[in-house]
Structure formats: C-alpha cells, structure tokens
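First up is the structure itself, then whatever we jot down about it.
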Amino acid sequence: MDIKVTKNPNPQPKPDENNLGFGLTYTDHMFLMDYNREEGWHNARIVPFGPLPIHPAAVVLHYATEVFEGLKAYRTADGAVQLFRPIENVRRMNNSAERMCLPTLDEDDAMQAILEFVKLEEDFVPHKDGTSLYIRPYMFASEANLGLHGIKEAVFAIIASPSGSYYAEGINPVSIMIETEDVRAVRGGTGFAKCGGNYACSTRAGERAEKLGYSQVLWLDGVHQKYVEEVGSMNVMFKINGKIITPDLIGTVLPGITRKSILEVLREEGYEIEERRISVDEIIEALENGELEEAWGCGTAAVISPVGKLAYNGKVYVINDCKIGELTQHLYDTLTGIQWGKLPDTHNWIVKL
Ligand SMILES: *Cc1c(COP(=O)(O)O)cnc(C)c1O
C-alpha cells in the first residue's frame with residue numbers, strides 16, 4: 001500500500017513529559033484512508049493533525065456506526081520504540097467492524113499504516129518511566145444518509161497521544177461498585193466489539209459510581225444480572241483458593257489483549273485457570289469465607305488495576321486488606337517488563353519500529 005505523506009508545516013514543541021495525563025495532547029499528524037463500495041479502501045495518507053470535515057447527516061453521527069482500538073508505543077532503555085501485539089488489535093478491529101457492518105481492513109495494510117504512522121511520530125514517544133504514546137485507530141461510517149441501508153462509505157483513521165504513567169502516584173487498589181441497574185451488553189449484542197456505543201451506554205453507571213466514591217463499576221450480565229462480566233472498561237480476574245477465575249468470552253465480554261496475555265503467562269507458570277461464568281453470589285461467598293485472595297481488572301491503559309473494595313447491595317467488602325496482591329504485582333511486573341523491554345520477549349509479542 002502506498003501512503004502519501006504531507007508533513008505538518010507547523011510542528012509543535014513536544015509536551016512536558018511530567019504532565020502528560022491521558023488523551024490531552026496529540027501528535028503533529030494523523031493517518032486517514034477512505035472507503036467506498038466502488039473503489040474499496042483507497043487514498044491512504046498521513047496529513048497534518050486537524051479537524052475532520054464531516055457531513056451533518058453522516059451515518060456515524062446518527063447511528064453510532066463506529067469501532068476503535070487502543071494500543072501503545074513504548075520506549076525502551078536504549079531509546080528504541082516498540083509495540084505490543086499490534087496484530088491482535090488489527091484482527092479485533094476487523095471483528096468489531098464486521099459486527100457493525102463496516103468494511104474490514106487488509107491486515108498487512110492496517111499494520112503498515114500503524115507502523116509508518118508511529119515511525120513518523122517517533123519523537124512523540126515519551127522517555128520517562130511508565131509513559132507511552134497511546135495509539136488510537138478507529139473507523140466510522142461517513143456517508144450522508146439518514147436512511148440506513150448498508151454502509152457505502154467509511155473512514156479509517158489513526159491518531160496518537162503522548163500519555164503519562166497510569167500509576168504516577170503508585171499502584172493503589174480501587175474501590176468498585178457492583179452495578180445492579182444498567183447493563184453494558186446483552187447476548188447477540190455488541191459486547192465483544194470495541195465500539196463507541198458500548199461506552200456511550202455505560203457512562204451513566206460509571207458517573208453514578210463516581211459520585212458515591214467508587215472509581216468503576218463491576219458489570220453484570222444483561223440477562224440475569226447475576227454473572228460478572230467486566231470491570232469498567234477492563235476485563236476482570238479473581239484469584240480464589242489459588243485458582244484464577246475469569247469470565248469466558250461468550251459474546252458479551254470484550255476479548256482483551258491484556259487478558260489473553262495474562263492468561264498465557266499464568267498457564268506457563270502452572271496456574272489453574274477457569275474461564276467460565278462466575279456469579280456475584282460465588283464472589284460474595286468467597287469473600288465471606290476469606291477465599292477470595294486477589295481481584296484485578298486488566299486492559300492496555302492500566303495494564304493491571306487491583307481491586308481493593310467491592311460494594312454490593314449496600315455492603316462493602318475488602319479484598320486483601322486493600323493492598324495489591326502478590327500475584328497481581330507479579331503480573332504487572334511481567335507485562336510491563338515485556339512492554340518496556342526490561343524483560344526478554346519470549347512470546348514474540350513485541351514488534352520493533
Ligand atoms: C479495550 C477494552 C478492554 C481491554 O482490552 P485490551 O486489549 O486489553 O486493552 C476490556 N474491556 C473493554 C470494554 C474494552 O473496551
């Protein structure tokens with residue numbers, strides 16, 4: 001694929017690495033590619049970062065036909081830049097696109113787009129410990145059409161944002177509220193797809209939880225509101241009596257790449273893993289019996305987020321004295337070690353620029 005590059009004539013100074021936050025500043029360029037039924041994907045280009053022209057009747061603005069990905073570029077101690085399992089993001093994006101009737105991408109073209117774009121923006125990958133360049137590929141239906149009859153035009157875009165360390169203040173276990181009203185996914189719905197709509201409908205529960213002093217909600221299944229599915233926008237895992245239990249991927253749970261990587265590491269280390277439905281009752285019982293040893297959320301942004309408190313029906317349960325568990329810490333060290341090149345990449349997960 002030929003990518004036409006138009007350099008930004010007004011490059012910006014690099015942001016202060018001590019105050020990056022998340023998603024606050026963007027790099028000098030963006031990648032764009034257009035799709036229509038006649039030509040397929042075409043006009044791959046990297047252009048100066050700026051607003052997108054969009055028709056007021058564009059399908060995405062009315063019907064939320066959009067999917068996205070999130071991955072990071074990491075700077076290693078020797079100054080090189082590397083990605084973590086980017087092909088997994090490309091494949092998941094195509095699965096998400098298929099669910100939303102958006103066109104899929106050629107895997108090689110999508111990888112080339114990500115790699116060439118990050119290469120061009122390499123200087124924006126920060127150096128400070130724990131920082132990274134967050135990369136956001138996304139795709140949306142762009143045609144002007146209030147009647148919805150199959151997607152005829154779409155845009156694939158990649159933007160990137162230098163991001164600070166998620167744990168600038170150290171890893172503190174979070175307090176989680178079990179959500180008993182709203183649900184984020186139902187059987188046959190879009191739970192497995194990384195699409196904006198899943199986020200739009202889960203914002204309310206998150207905001208309610210925040211008002212009550214919790215940082216995220218624990219989502220229950222949409223049918224019985226009984227089985228645990230995810231925590232905020234992360235996958236969730238429990239260590240009960242030495243065993244690792246995590247919800248299986250039955251269409252309502254997002255297939256996280258961090259989840260997959262952690263399970264691979266745990267399997268190698270000989271842990272017993274159960275991917276299955278796990279009910280709130282089972283978790284509460286394990287908490288009351290003192291058998292729930294550790295619980296954590298996992299996803300690209302935080303890597304691992306230990307759960308210190310769980311609130312359910314007006315009661316608050318404490319996990320591991322609200323301290324990070326030994327295994328949680330070990331998994332965090334292992335994954336971040338591989339990502340930032342401090343540990344050997346024995347799984348071939350790393351793609352260097
Ligand atoms: C992105 C996402 C995750 C985590 O996926 P990773 O590939 O590990 O970053 C988990 N749950 C939801 C709902 C997500 O959108």
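Each residue takes its place number in the sequence, starting with 1. Each ligand, and each atom within it, is numbered from 1 in the order the structure gives. Note: hydrogens, waters and symmetry copies are ignored here, and every other heavy atom, side chains too, is used.
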Taking only Lys NZ, Arg NE, NH1 and NH2, and the carboxylate oxygens of Asp or Glu, determine whether Arg208 and Glu179 approach each other closer than 4.0 Å.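 Yes, charged N to carboxylate O under 4.0 Å.
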Strictly below 4.0 Å, N to O, side chains only: are Arg85 and Asp345 in salt-bridge contact?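 Between Asp345 and Arg85 there is no salt bridge, as every charged N stays at least 4.0 Å from the carboxylate O atoms.
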Just how far is it from atom NZ of Lys194 to atom CD of Glu69, taken to the nearest 0.5 Å?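 The CD atom of Glu69 is 6.0 Å from NZ of Lys194, to the nearest 0.5 Å.
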Going through the checks in order, is the ring pair (Phe, Tyr, Trp, His ring centres under 6.0 Å) test met by Phe22 and Tyr134? CA-CA 8 Å; Phe22 180 77; Tyr134 183 78; 4.9 Å; yes
In this structure, are over 12 heavy atoms from other groups packed under 6.0 Å from Asn18 atom CG?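 Yes, because the 6.0 Å sphere around CG of Asn18 holds more than 12 heavy atoms from other groups.
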Nonpolar side-chain network containing Phe49, other nodes, edges under 4.5 Å: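 Result for Phe49 is Tyr26, Met30, Leu32, Val47, Leu52, Ile54, Val60, Leu61, Phe68, Tyr138, Phe140, Val155, Ile159, Tyr199.
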Run through all N or O atoms in ligand 1 and write down each protein N or O closer than 3.5 Å, as a pair with its distance.
residue	atom	partner	partner atom	Å
ligand 1	7 (O)	Arg92	NH1	2.8
ligand 1	7 (O)	Arg92	NH2	3.1
ligand 1	7 (O)	Ile257	N	2.8
ligand 1	8 (O)	Ile257	N	3.2
ligand 1	8 (O)	Thr258	N	2.9
ligand 1	8 (O)	Thr258	OG1	2.6
ligand 1	9 (O)	Thr300	N	2.9
ligand 1	9 (O)	Thr300	OG1	2.5
ligand 1	11 (N)	Glu230	OE1	2.5
ligand 1	11 (N)	Ser233	O	3.3
ligand 1	15 (O)	Lys194	NZ	2.7
ligand 1	15 (O)	Tyr199	OH	2.6

